[in-house]
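Read the structure below first, then the notes.
Residue numbers start from 1 in every chain, and the chains themselves are labelled A, B, ... in the order their sequence lines are given, proteins ahead of strands.
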Amino acid sequence: MPRPRAAPRTDDSVIGNSDLARTFSEIADMLDILGEVVYKAVAYRRVADAVERYPDDVAALFRHGTPPKIPGAGDALSAKLAELAETGHLGYHERLRAQVPSGMLEMLHVPGVGPRTVRLLHAALGITSLDELRLAAEQGQLRGVKGLSARTEQNVLAGIARIAQRSTRLLLHDADRLVRDIIDALRDVAGVRRLEAAGSLRRRRATIGDLDLLAAVDDPGPLMAALDGLPQVDHVLAAGTDRSSIVLRDGPQVDLMVCPPAAWGSHLVHFTGSRDHNVALRGRALDRGLSLSEKGFKVVDTGELLLAPTEAEVYERLDLAWVPPELREDEGEIAAAAENRLPRLVERGDVRGDTHTHSSWTDGVDSIEAMARAARGRGAEYMVLTDHSPSLGIAKGLSAELVAAQAKEIGRLNVELAPFRILHGTELEIRADGALDYPDEMLATFDVVIASLHTGRGQPSERLTRRALGAIGNPHVDVLAHPSGKIVNVRDPLPLDWPRVFAAAAESGTLLEINGSPRMDLDESLARAAAQAGARLTVASDAHRTEELEYLDYAVSIARRAWLEPDQVAGTRSADALLALIG
DNA sequence: GCCGTTTTCGGCCCGACTGTTTTCAGTCG
């Protein structure tokens, strides 16, 4: 399962964070298949997660003699990280690979097939790959293995067929739409008191695996029946009294959990996750003589069950402040909640203007006026219109003459739409050679200049970094837009040297954009690192049509996951204060 | 393999559902 993307490799590193994480994760799977004590695999997975989310290049830090403190890595795993970082190889990993072919790791992806089953299939039938497994199931060989049946064969074949469908995770934007439709269809079913999205959707992760729903009901029967009967349902995976899983025609799986209203709080905490956050909460409960599950708190000594109707009551009993869902990743939020120093996260309502929008003057669909009216309708006080500069030919970038004409049009609209304001900006191309697309005298005429890298993406890290630093260092450039250049499920991030970029942005006061379009760039780990380096950020929609102005909400979600407070986000200011800030 | 305001050894989070089973292990979230 993809996680928040890690820092990309820099030029002098031989192995990136995601490569390190993948190796450790593979070791964990192999240990499981070999039947090692489970906690060993747990330890490798914990370190894999931590490395994946680490904001700096872990291997480079090892090579520079300043090894980072990775949570969960003791002497043994730190030594293995060091070996991998310095040589690009890990002897231990290679020895395990000799015992467990890579095909056996792929078999773990089949739903219902875990390490025990993989081991069993290998021992009984010599199966070492997904293809061999499919063949054996098709030929009816699995039913001959003790503990397996003809039914297992069907499940395995169905599972293998589903693997291809589920290869990419849902973009948050699409998941929202699917869940909204399902909730609308089920909300009025008899006996449903509450119905909400939970899981990674509620935590507002950029990509979603399964869709999780929680319902408080008087009687689960009608709701479960209604779920199974939805037109968008392809088939039912599992149906119990407390939970049900279905697969939608579009591919994603929906897990619906039901609970009595009196246990809503503990269920919502449990089903919102993340796994690591929940594990930490349950450990904290045990410290207090309580066993926490979705049902509530069980007093260990007496077995008495203490219900938690609200989330706040769950956290309160653990001596914690209520933790916003976006922070529930076991990334320091529990300690912060214990010490009452959780951030006052930026909210959608704090944001007064959008700093990146387009119109039909370049590659947008709607007129400037339509965009402005729609933004105003969504509660904005202002928007920055940032149509493209000329060298981005595909986007009909604006000549100097058209820029002047656009300024006139904006002046006219600002009279008409006052007090709403359109600030005149540009999305300025940072050319492949690092030159900027308009001369400085012309840049000085814009209210706001946001600079972007769209071309020369294949350049080495140092060259890309120097282009970004060049733009940041130009006094007329106010924002570095979608800094990593990634697009979710489509395009990998550029391998910039982030510590240098963040330091330069903090020094010059150049804002770093959090773009809420399907780019979702910066992501939360980079945005958090940027803020910790002292840089200020801005949230923006990058809308090319009025409907896309809602992307601003997604940028706010990333900002919240990055622990940002209102002051750290530029657009929480009035238009005048924003202009004063970027001076 | 990690870790310690009760611990340097003995723990390490909890429950539902499924399948093949006569009481439970494996898988999943």
Side-chain angles (χ1 to χ4, degrees), chain A residues 1 24 27-29 31-33 35-48 50 69-81 92 107-121 142-143 145-156 158-159 198-203 208-214 220 224 236-245 253-259 263 266-267 269-298 300 305 314 318 330 334 338:
Chain A
M1 163 167 107
F24 271 54
I27 290 173
D29 286 344
L31 291 171
D32 276 340
I33 289 172
E36 274 280 359
V37 284
V38 294
Y39 294 108
K40 216 163 156 177
V42 167
Y44 278 92
R45 282 202 187 89
R46 183 181 305 142
V47 169
K69 177 65 197 129
I70 303 294
D75 290 344
L77 293 196
S78 292
K80 290 190 173 69
L81 277 176
Y92 182 60
M107 289 162 63
L108 290 173
H109 296 146
V110 180
V113 174
R116 298 284 298 217
T117 309
V118 169
R119 186 158 76 244
L120 179 65
L121 289 167
L142 302 195
R143 69 190 69 182
V145 179
K146 184 171 162 52
L148 305 182
S149 69
R151 188 157 195 169
T152 314
E153 284 166 2
Q154 295 312 308
N155 289 342
V156 162
S200 48
L201 187 81
R202 183 164 181 249
R203 300 201 310 277
I208 310 293
D210 297 337
L211 303 173
D212 295 321
L213 295 175
L214 176 65
M224 293 305 197
V236 178
L237 274 181
T241 53
D242 292 327
R243 55 182 73 177
S244 175
S245 295
Q253 176 179 331
V254 179
D255 295 329
L256 173 67
M257 176 183 264
V258 297
C259 70
S266 48
H267 276 81
V269 168
H270 172 82
F271 219 29
T272 298
S274 66
R275 189 188 70 242
D276 291 343
H277 179 84
N278 287 352
V279 166
L281 291 184
R282 291 195 276 256
R284 202 173 163 90
L286 281 179
D287 293 343
R288 287 160 177 72
L290 301 168
S291 169
L292 173 62
S293 76
E294 60 265 39
K295 297 183 176 315
F297 292 96
K298 195 161 69 184
V300 173
L305 183 66
V314 174
L318 299 173
D330 196 25
I334 299 204

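Between the C1' atoms of B:dG29 and B:dT22, the separation comes to 28 Å (whole Å). When the P atom is used for both B:dC17 and B:dC13, the distance is 23 Å, rounded to whole Å. B:dT8 and B:dC3 have their C1' atoms separated by 9 Å, given to the nearest Å. One P atom belongs to B:dC14, the other to B:dC9, and the distance between them is 25 Å to the nearest Å. A gap of 15 Å separates the P atoms of B:dT7 and B:dG11, to the nearest Å. When the P atom is used for both B:dT6 and B:dC2, the distance is 23 Å, rounded to whole Å.
Nucleic acid contact for A:L281: none, since no nucleic acid atom lies under 4.0 Å from a heavy atom of the residue. A:T117 comes within contact range of the sugar-phosphate backbone alone, with a heavy-atom separation under 4.0 Å but no base atom that close. Nucleic acid contact class of A:A41 (heavy atoms, under 4.0 Å, all strands): none. In this structure, A:A239 reaches the sugar-phosphate backbone alone: every heavy-atom distance under 4.0 Å involves primed, P, OP1 or OP2 atoms, never a base. The residue A:V258 sits apart from the nucleic acid: no heavy atom pair falls under 4.0 Å. No engagement by A:G199 is indicated, since no non-hydrogen atom pair under 4.0 Å with the nucleic acid exists. Residue-level contact check: A:N278 touches neither bases nor backbone, having no heavy atom under 4.0 Å from any strand.
In this structure, the CZ atom of A:R243 is 14 Å from the P atom of B:dC28, given to the nearest Å. Regarding A:L148, its CG atom lies at a distance of 14 Å from the C1' atom of B:dT21, rounded to whole Å. One atom, OH of A:Y39, and another, C1' of B:dG10, lie 11 Å apart when rounded to the nearest Å. Here B:dC13 presents its P atom at 15 Å from CG of A:L318, a figure rounded to the nearest Å. Going from atom CG of A:D287 over to atom P of B:dC12 covers 12 Å, rounded to whole Å. Following rounding to the nearest Å, A:R203 (CZ) and B:dG29 (P) show an atom-to-atom distance of 13 Å. Rounded to an integer number of Å, the gap from A:L286 CG to B:dG11 C1' is 11 Å. Taking atom CZ on A:R288 and atom P on B:dT6, their separation rounds to 11 Å, with Å as the unit.
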